[in-house]
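See below for the structure under consideration.
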Amino acid sequence: MTSSSRSARPPLNRRLAEFGTTIFAEMSALAVRTGSINLGQGFPDTDGPEEVREAAVRALRDGRGNQYPPGPGVPELRTAVAAHQERRYGLTYDPDTEVLVTAGATEAIAAALLGLLEPGDEVVALEPYYDSYAACIAMAGGRRVPVTLRPGDGSFRLDLDELRDAVTDRTRLLLINTPHNPTGTVLTREELTAIAELAVERDLLVVTDEVYEHLVFDDAEHLPLATFPGMRERTVTIGSAGKSFSFTGWKVGWVTSTPALVSAVRSAKQFLTYVSSGPFQYAVAEALALPDAYFAAFRADMLAKRDLLAAGLAEAGFEVFRTAGTYFITTDIRPLGESDGFAFCRALPERAGVVAIPNAVFYDHREAGAPFVRFAFCKQTEVLREAAKRLKAAL
Ligand SMILES: *Cc1c(COP(=O)(O)O)cnc(C)c1O
C-alpha cells in the first residue's frame, strides 16, 4: 500500500511541478547541437578585469578563503560593499550587521524570500520576471502577483495604477528589479518615488534586485530604491559581482539592509549554502574598489555592443525596444510576420544559426509576452556582427 501510493505520486513536489526545466538548458543544448551563436543566456564571453582575476589567484595561493569563510562573508568584502554603496549612492551600511555575502544574487533572492515570507503571503513582482523569482516565491510558500510592464513608445513601462491595485492586505513585499531583465527598462525617479510611497503607505517590505546597477546607458540613471524617503529601513538591496565585473561563474553576491532584515535573510542563507566562493570574495573586495574609470569603460564597451546588436536586429526586420540598462535587448517579432516567440526561438537555430530566448517564459500571462524575444549583447564584437549577418540573411 505505502509503496504503491509512493510510486503513484510524482517525485517532484507540487510547489515546483509547474516550473519544469529552465528554458536556458533547452536553448543552450540547441545552440550546441546546431552550432549556433548563443545570444540566449546572459553571460559575457570574455572575463572581467585581469587584476581582479589575479587577486583571486593571490587569495587562493595565500590560503585566504580556502576553508569555510565567516557566515556573513569575509570582513574585507563586507567593508568593500559598504564603501561601494556609500561612494556611489551615499547609503551607509554597517559592514558587520547590515551587509551579507551570498552565493550570487540567486541565493540572495532565495534567502530573502525564504527568510521574509510566511506561507500565503503575497509578493507583487514586475512581469516579465527573472526566472528564479517565481520558483523562489513558490518554495517559500508565497503567492506571486504579477504587474505587467507594457510596451509603448519604444520601451516597456510600469503602470502605477496597476501596481497600486495589485497590493492587498495579504501583500508582504514588493519584488522589484531595476535595471530590468529582460526588458532593459530602467525605472525612472518618478516611478521609483511612486513605488516608495506605496511601500511606505501600505507598510510593505521591498526586495530590490539591482545586479545591473552599473549597466545603464544614455541618459538613464540607476537610482537605488533604498535612497528614497522611508525606504532604507524596509528595503533589502541585492547586488552581484557576476554582472558588475563579468565573473558570473564566481557566484559572489550581496545583500544590504537593516540589521533585522539582514538577520532574517541570513537565517535562511545559513541553511542553503552556509558560505561559498571563499577566495573569490577577496578578489571581489578589490574589484569593488576599482576606480570610476573601470565602471565608465565597462559601460561604454557594453553600450557599443548594444548599439551594434540593436542596429543588426532592426536591419533583420525586428522591432527593437530601447535598452536603457542590462545586457539584453527585447524585440517584437510581429514585423517579421511571426507571433509566437516560443515557436520562433525553437526554429531560429536551424533557420539562422542564432539562439534567443522567448520572453513568454518570464510571464505568468504567457499571451502578454508571446511576440517578444530576448537577445543578449554581452558578447564579443565579431560574434555580434556574425549573428546580425546571419539573421539578416535568414529572415
Ligand atoms: C543574472 C541575474 C541574477 C543572478 O545573479 P548571480 O549573481 O549570477 O546569481 C539575478 N537577477 C537578475 C535580474 C539577473 O539577471
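Everything quoted here is computed from the prediction, not taken from an experiment. Just so it is clear, the values below take in all heavy atoms, side chains as well, and ignore hydrogens, waters and symmetry mates.
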For this session: Using a strict 4.0 Å threshold on nitrogen-to-oxygen distance, state whether Arg144 and Glu18 make a salt bridge.
Result: yes
Problem set entry | Derivation of the side chain to side chain contact (heavy atoms under 4.5 Å, CB included) call for Val145 and Val167 | CA-CA 9 Å; Val145 177; Val167 174; over 6 Å; no
For this session: Check whether any side-chain heavy atom of Ile195 sits under 4.5 Å from a side-chain heavy atom of Leu158, and report yes or no.
Result: yes
Exercise. Is it the case that Tyr133 and Asp209 place a side-chain donor and acceptor less than 3.5 Å from each other?
Worked result: yes
Exercise. Are the aromatic ring centres of Phe298 and Phe245 under 6.0 angstrom apart?
Worked result: no
Exercise. Roughly how far, to the nearest 0.5 Å, is the CG atom of Leu272 from the CG atom of Leu114?
Worked result: 6.0 Å
For this session: Starting at CZ of Arg299, measure out to CE of Met302 and round the result to the nearest 0.5 Å.
Result: 12.0 Å
Problem set entry | Enclosure of Arg15 CZ (heavy-atom neighbours >12, cutoff 6.0 Å) | no
Exercise. Does atom CD of Glu162 have more than 12 heavy-atom neighbours from other groups under 6.0 Å away?
Worked result: yes
Problem set entry | Basic-acidic side-chain contact under 4.0 Å: Arg234, Asp203 | yes
For this session: State, with a plain yes or no, whether a side-chain heavy atom of Glu98 is found less than 4.5 Å away from one of Arg232.
Result: yes
Exercise. Checking side chain to side chain contact (heavy atoms under 4.5 Å, CB included) for the pair Leu117/Leu173: CA distance, chi angles, key distance, verdict?
Worked result: CA-CA 8 Å; Leu117 294 180; Leu173 65 83; 4.0 Å; yes
Exercise. Any idea which heavy atoms bring Asn66 and Pro279 closest together, and the distance?
Worked result: OD1-CG, 3.3 Å
Exercise. Can you name the closest pair of heavy atoms from Trp254 and Thr102 and give their distance?
Worked result: N-OG1, 3.5 Å
Exercise. Looking only at heavy atoms, what is the nearest atom pair of Gly239 and Ala105, with distance?
Worked result: O-CB, 4.3 Å
Problem set entry | Residue pair Arg87 / Asp292, side-chain heavy-atom distance below 4.5 Å | yes
Problem set entry | Exercise: identify the closest heavy-atom pair between Thr256 and Val262 | C-CG2, 4.4 Å
Exercise. Does the distance from a Lys or Arg side-chain N to an Asp or Glu carboxylate O, for Arg88 and Glu213, drop under 4.0 Å?
Worked result: no
Exercise. Under 3.5 Å, side chain of Thr331 to main-chain N/O of Val373, donor-acceptor pair present?
Worked result: yes
Exercise. Under 3.5 Å, is there a donor-acceptor pair between the Thr148 and Glu127 side chains?
Worked result: yes
Problem set entry | Lys379 with Glu386: basic N within carboxylate O range, under 4.0 Å | no
Exercise. Would you call Lys251-Glu107 a salt bridge at under 4.0 Å N-O?
Worked result: no
Seminar exercise, completed: Heavy atoms of Asp121 and Leu116 approach each other most closely as OD2-O, 4.2 Å
Exercise. Around Asn13, counting heavy atoms of other residues, nucleotides and ligands shown, do more than 12 lie under 6.0 Å from its CG?
Worked result: yes
For this session: Assign the ring pair His84 / His214 to parallel, tilted or perpendicular, where the plane angle (0 to 90°) is split at 30° and 60°.
Result: perpendicular
For this session: May I ask you to check whether over 12 heavy atoms, not counting those of Glu382, lie within 6.0 Å of atom CD?
Result: yes
Exercise. Can we call the ring centroids of Phe43 and Phe247 under 6.0 Å apart?
Worked result: no
Problem set entry | Minimum side-chain heavy-atom gap Asp332-Pro151 below 4.5 Å | no
Problem set entry | Centroid separation Phe372 to Tyr363 less than 6.0 Å | no
Exercise. Under 30°, 30 to 60°, or over 60°: which ring-plane class applies to Phe377 and Phe217, parallel, tilted or perpendicular?
Worked result: tilted
Exercise. Given side chains that start at C-beta, do those of Phe342 and Val361 come closer than 4.5 Å, heavy atoms only?
Worked result: yes
Seminar exercise, completed: Rounded to the nearest 0.5 angstrom, the CZ-CG distance for Phe228 and Leu192 is 4.5 Å
For this session: Kindly indicate whether the side chain of Val101, heavy atoms from C-beta on, has any atom under 4.5 Å from the side chain of Val284.
Result: no
Seminar exercise, completed: Here the gap from Glu191 atom CD to Asp159 atom CG, rounded to the nearest 0.5 Å, amounts to 10.0 Å
Exercise. Any side-chain heavy atom of Trp250 within less than 4.5 Å of one from Val52?
Worked result: yes
Problem set entry | Main-chain N/O of Ser267 paired with Gln270 side-chain donor or acceptor, under 3.5 Å | yes
Problem set entry | Side-chain ion pair, Glu26 and Arg346, N-O less than 4.0 Å | yes
Problem set entry | Derivation and outcome, salt bridge (charged side-chain N to carboxylate O under 4.0 Å, His left out), residues Glu338 and Arg351 | CA-CA 14 Å; Glu338 303 266 353; Arg351 204 172 151 195; 3.1 Å; yes
Exercise. Counting only heavy atoms not in Glu118, do more than 12 fall under 6.0 Å of its CD?
Worked result: no
Exercise. When rounded to the nearest 0.5 angstrom, what is the spacing between CZ in Phe295 and CG in Leu215?
Worked result: 10.5 Å
Exercise. Is there side-chain contact between Ile137 and Leu175, with heavy atoms separated by less than 4.5 Å?
Worked result: yes
For this session: Could you check Glu76 against Arg64 for salt bridge (charged side-chain N to carboxylate O under 4.0 Å, His left out), going step by step and ending with a plain yes or no?
Result: CA-CA 11 Å; Glu76 287 83 348; Arg64 286 177 296 144; 5.8 Å; no
Seminar exercise, completed: Note: Arg390 and Gly353 closest approach over all heavy atoms is NH1-O, 2.8 Å
Exercise. Taking Ser155 for the side chain and Arg322 for the main chain, is one N or O donor matched with an acceptor at less than 3.5 Å?
Worked result: no
